[in-house]
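Structure first, commentary second.
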Amino acid sequence: MEYDDDSRPARFEKPARSSTKDKFFNYIHQLQDTITSKLEEVDGKAKFQEDLWDRPEGGGGRTRVIENGNVFEKGGVNISGVHGKLPDSMQKYFGVEDADFFACGLSLVLHPTNPMVPTVHANWRYFEMYDKDGNIVDQWFGGGQDLTPYYLFEDDAKHFHQTCKTACDKHNPEFYAKYKARCDEYFYNAHRNEGRGLGGLFFDYCKATNEMSMQNWYDFVTEVGDSFLEAYVPIVEKRKALDYTKPQRDWQEIRRGRYVEFNLVHDKGTLFGLKTNGRIESILMSLPPHVQWVYDHQPEAGSEEEKLIKVLQNPVNWV
């Protein structure tokens, strides 16, 4: 495999058709470095292992995984840039024919060992579609970040959501309420009648309009991306040394099962990765290492576990 000066696979550099694509592609490389460096500092033991990979149809990625640390039992902070002919199944989904595409993004999931520390997920992505002559016929941004606790600390929820709101408010005062509602709707296990977590932000198909140019959308998405560490790290620092019991760890693993159910049953990003011949190890790195499925498990009435479930069934406006 050939490498450029940034130690990236050469095929990871193409195609170069728009300044928006190039800027965002460079941004996610820098953001991955920033996030992984900070998380290693927070963990104090484990280091991210890097895996550079190539996609035969075009493009590739840089996967970084952390495991068995002081804080993080398993986590991944991955970037990719893939391109080529849009698979038939996706052409039917988008209602196009003979289209090529480019998609790049950063996706992360962190599963802490301590059940008092929440799992977190975030993703920021960009997509372009081309006609047979290589002209851009569609382009959009998407992404968001959301918190999945096992025990409810209202201060943590308020901090996470306030950080999201602050980032949104710099670009449009209506964005936070709009994308918070979409997050509550999207990260929802309909077969369980409960949210996956406490939500955050979710936005997709952010295209140029009279009010928002692609540069405006770039500025917004990168603002949210830059806010991630501020939203999550203070929560980890506050909770990582708290004591916990074996039953509390069991509850965490049962709730992790709900996380797995969402990712494998409902998540569109997982589906896109699988249908575009994405790298299976990177796609499924979001799955936690230890999970339980207990038959018809019900939390004890009046317990902290039940308190969480009630909030998951009825989303709260935290700010």
Side-chain angles (χ1 to χ4, degrees), residues 3-40 48 50-53 55 58-64 75-83 101-110 120-130 136 138-146 163-164 166-172 175 179 200-208 212-233 269 272-273 278-279 282 285:
Y3 295 88
D4 64 7
D5 291 340
D6 287 331
S7 298
R8 299 198 292 263
R11 294 179 66 186
F12 197 18
E13 296 299 314
K14 297 171 69 178
R17 285 172 173 157
S18 88
S19 59
T20 301
K21 176 194 72 67
D22 294 338
K23 283 194 303 182
F24 193 69
F25 197 54
N26 289 331
Y27 169 76
I28 60 174
H29 278 85
Q30 296 164 7
L31 184 62
Q32 185 190 40
D33 290 341
T34 300
I35 290 175
T36 55
S37 294
K38 182 61 179 180
L39 293 177
E40 286 180 347
F48 280 90
E50 182 174 289
D51 187 9
L52 294 166
W53 55 274
R55 177 176 176 268
R62 188 167 72 181
T63 293
R64 289 180 181 170
V77 182
N78 301 340
I79 58 173
S80 64
V82 299
H83 59 88
F101 80 102
F102 172 86
C104 70
L106 185 155
S107 183
L108 69 83
V109 178
L110 299 166
V120 72
H121 160 261
N123 173 266
W124 307 284
R125 56 191 179 273
Y126 177 70
F127 184 91
E128 288 185 351
M129 194 158 24
Y130 314 102
I136 298 174
D138 212 348
Q139 58 187 149
W140 63 80
F141 284 102
Q145 52 202 38
D146 62 283
T163 305
C164 290
T166 298
C168 288
D169 286 351
K170 293 179 182 179
H171 299 269
N172 188 313
F175 277 0
Y179 296 140
L201 302 173
F202 179 77
F203 43 88
D204 207 359
Y205 302 111
C206 298
K207 302 182 181 184
M212 292 286 290
S213 66
M214 292 310 295
Q215 179 63 48
N216 293 147
W217 283 121
Y218 172 89
D219 293 341
F220 166 67
V221 174
T222 56
E223 184 89 51
V224 175
D226 290 343
S227 77
F228 169 76
L229 289 173
E230 180 185 351
Y232 185 58
V233 169
F272 179 82
R279 184 172 182 268
S282 298
M285 69 86 193

Less than 4.5 Å apart, any side-chain heavy atom of [X] and any of [Y]?
{"X": "Asp138", "Y": "Phe127", "value": "no"}
{"X": "Leu108", "Y": "Val120", "value": "yes"}
{"X": "Asp33", "Y": "Arg64", "value": "yes"}
{"X": "Thr63", "Y": "Trp53", "value": "yes"}
{"X": "Asp204", "Y": "Arg125", "value": "yes"}
{"X": "Leu31", "Y": "Trp124", "value": "yes"}

Tell me every residue that passes salt bridge (Lys or Arg N to Asp or Glu O under 4.0 Å) with Glu230, counting only those two or more places apart in sequence or in another chain.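 Salt bridge (Lys or Arg N to Asp or Glu O under 4.0 Å) check on Glu230 returns nothing, list empty.
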
Considering all heavy atoms of both residues, which atom of [X] and which atom of [Y] are nearest to each other, and what is their separation?
{"X": "Phe25", "Y": "Cys104", "value": "CD1-CB, 3.8 Å"}
{"X": "Ser107", "Y": "His121", "value": "OG-NE2, 4.5 Å"}
{"X": "Ile28", "Y": "Ser80", "value": "CD1-O, 4.0 Å"}
{"X": "Gln145", "Y": "Ala122", "value": "CB-CB, 3.8 Å"}
{"X": "Ala208", "Y": "Met214", "value": "N-SD, 3.5 Å"}
{"X": "Tyr126", "Y": "Gln139", "value": "OH-NE2, 2.6 Å"}

Where does the angle between the aromatic ring planes of [X] and [Y] fall among parallel (under 30°), tilted (30 to 60°) and perpendicular (over 60°)?
{"X": "Phe24", "Y": "Tyr218", "value": "perpendicular"}
{"X": "Phe220", "Y": "His171", "value": "perpendicular"}
{"X": "Phe175", "Y": "Tyr179", "value": "tilted"}

Tell me whether [X] contacts the main-chain N or O of [Y] through its side chain, where contact means a donor paired with an acceptor under 3.5 Å.
{"X": "Gln32", "Y": "Arg62", "value": "yes"}
{"X": "Asn123", "Y": "Leu106", "value": "yes"}
{"X": "Arg55", "Y": "Gly81", "value": "no"}
{"X": "Trp217", "Y": "Lys207", "value": "yes"}

Does a side chain donor of either [X] or [Y] reach within less than 3.5 Å of an acceptor in the other side chain?
{"X": "Thr20", "Y": "Glu128", "result": "no"}
{"X": "Tyr27", "Y": "Asp226", "result": "yes"}
{"X": "Asn216", "Y": "Ser213", "result": "yes"}

Run the side-chain hydrogen bond (donor to acceptor under 3.5 Å, both in side chains) test against Thr34 and tell me which residues pass, sequence neighbours left out. none

Assess the residue pair Cys206 and Met212 against the criterion (side-chain contact (heavy atoms from CB on, under 4.5 Å)); give the C-alpha distance rounded to whole Å, side-chain angles, the decisive distance to 0.1 Å, and a yes or no. CA-CA 9 Å; Cys206 298; Met212 292 286 290; over 6 Å; no

Output for pair (His83 NE2, Tyr130 OH), nearest 0.5 Å, gives 9.0 Å

Do Asp219 and Lys23 meet the salt-bridge criterion of a basic N to acidic O distance under 4.0 Å?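 Looking at Asp219 together with Lys23, the answer is no, because their closest N to O distance does not fall below 4.0 Å.
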
I'd like to know whether Tyr232 forms a side-chain contact (heavy atoms from CB on, under 4.5 Å) with Thr163, so could you lay out the CA-CA distance, the side-chain angles of the two residues, the decisive distance to 0.1 Å, and finally the verdict. CA-CA 9 Å; Tyr232 185 58; Thr163 305; over 6 Å; no

